*Asks:* 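Take this structure, written in structure tokens, and hold onto it; I'll ask about it next.
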Amino acid sequence: MSAQESINRTAARTQRALVLRHLKSGRTLTQDEAQALYGVRRLAARISELRNDFGFPIKTETVDVGGVSGLARYSLAMTRSEEHTSELQ
């Protein structure tokens, strides 16, 4: 592996961790927010990795923001036990 490939893998790992921490806090995230908050320029790629490689249940909602339609807003889906717990409260 080249030095650049190693840097890219480390950056992707760091970005996944930042995105996951954000979503686990109960907040949603758009591409613009990810770039502004964490410097993540390829949010869709990080979301895909978290879903497909690590099994996180991330939902995508299409929203209109600032006159732009069709933007993706991501959130962490609640698990069955979390849904049940929130119903009890």
Side-chain angles (χ1 to χ4, degrees):
M1 176 184 327
S2 73
Q4 187 60 46
E5 288 172 328
S6 179
I7 290 168
N8 290 344
R9 287 180 187 214
T10 300
R13 184 173 41 246
T14 301
Q15 289 177 358
R16 279 193 304 268
L18 291 167
V19 168
L20 184 59
R21 184 178 319 135
H22 183 97
L23 296 176
K24 281 185 168 183
S25 74
R27 297 178 289 169
T28 61
L29 192 61
T30 65
Q31 174 61 57
D32 288 345
E33 293 166 339
Q35 187 164 353
L37 293 170
Y38 309 116
V40 175
R41 298 180 72 183
R42 297 188 62 226
L43 179 60
R46 302 297 79 89
I47 293 295
S48 178
E49 293 160 358
L50 288 168
R51 280 181 180 145
N52 300 324
D53 298 343
F54 299 96
F56 286 98
I58 298 172
K59 296 189 309 185
T60 304
E61 174 187 11
T62 304
V63 297
D64 299 337
V65 177
V68 178
S69 62
L71 297 177
R73 176 177 286 153
Y74 301 100
S75 62
L76 196 58
M78 291 191 338
T79 65
R80 284 279 208 209
S81 62
E82 289 171 332
E83 288 174 4
H84 182 67
T85 301
S86 67
E87 290 172 3
L88 297 175
Q89 297 177 359

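All of these numbers come straight from a predicted model, not from anything done at the bench.
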*Asks:* Is a side-chain donor or acceptor of Ser48 paired with a backbone partner of Ala44 at a separation under 3.5 angstrom?
*Replies:* no
*Asks:* If you look at every heavy atom in Ala72 and Thr60, which pair is closest and at what distance?
*Replies:* CB-CG2, 3.9 Å
*Asks:* What's the spacing between Leu76 CG and Ile47 CD1 if we round to 0.5 Å?
*Replies:* 9.0 Å
*Asks:* Can you list the steps and then say if Tyr74 with Arg51 is a side-chain contact (heavy atoms from CB on, under 4.5 Å)?
*Replies:* CA-CA 11 Å; Tyr74 301 100; Arg51 280 181 180 145; 4.1 Å; yes
*Asks:* Just wondering, more than 12 heavy atoms not from Arg9 lying within 6.0 Å of its CZ?
*Replies:* no
*Asks:* Listed by chain and number, what are the side-chain hydrogen bond (donor to acceptor under 3.5 Å, both in side chains) partners of Thr30, not counting sequence neighbours?
*Replies:* Glu33
*Asks:* Hey, what do you get for NZ (Lys59) to OG1 (Thr28), rounding to the nearest 0.5 Å?
*Replies:* 10.5 Å
*Asks:* Give the minimum heavy-atom separation between Ser25 and His22, together with the two atoms involved.
*Replies:* OG-O, 2.5 Å
*Asks:* If I take atom CD from residue Gln31 and atom CZ from residue Arg46, how far apart are they, to the nearest 0.5 angstrom?
*Replies:* 10.0 Å
*Asks:* Could you grab the distance from atom CD1 of Ile58 to atom OG of Ser75, nearest 0.5 Å is fine?
*Replies:* 8.5 Å
*Asks:* Under the rule for side-chain hydrogen bond (donor to acceptor under 3.5 Å, both in side chains), what residues qualify as partners of Asp64, not counting sequence neighbours?
*Replies:* none
*Asks:* Which value, rounded to the nearest 0.5 Å, describes the distance between Thr14 atom OG1 and Tyr38 atom OH?
*Replies:* 13.5 Å
*Asks:* I'd like to check Leu37 versus Leu18 (side-chain heavy atoms, cut-off strictly below 4.5 Å). Are they in contact?
*Replies:* no
*Asks:* Linking I/L/V/M/F/W/Y whenever any side-chain heavy atoms sit under 4.5 Å apart, do Val68 and Leu43 land together?
*Replies:* no
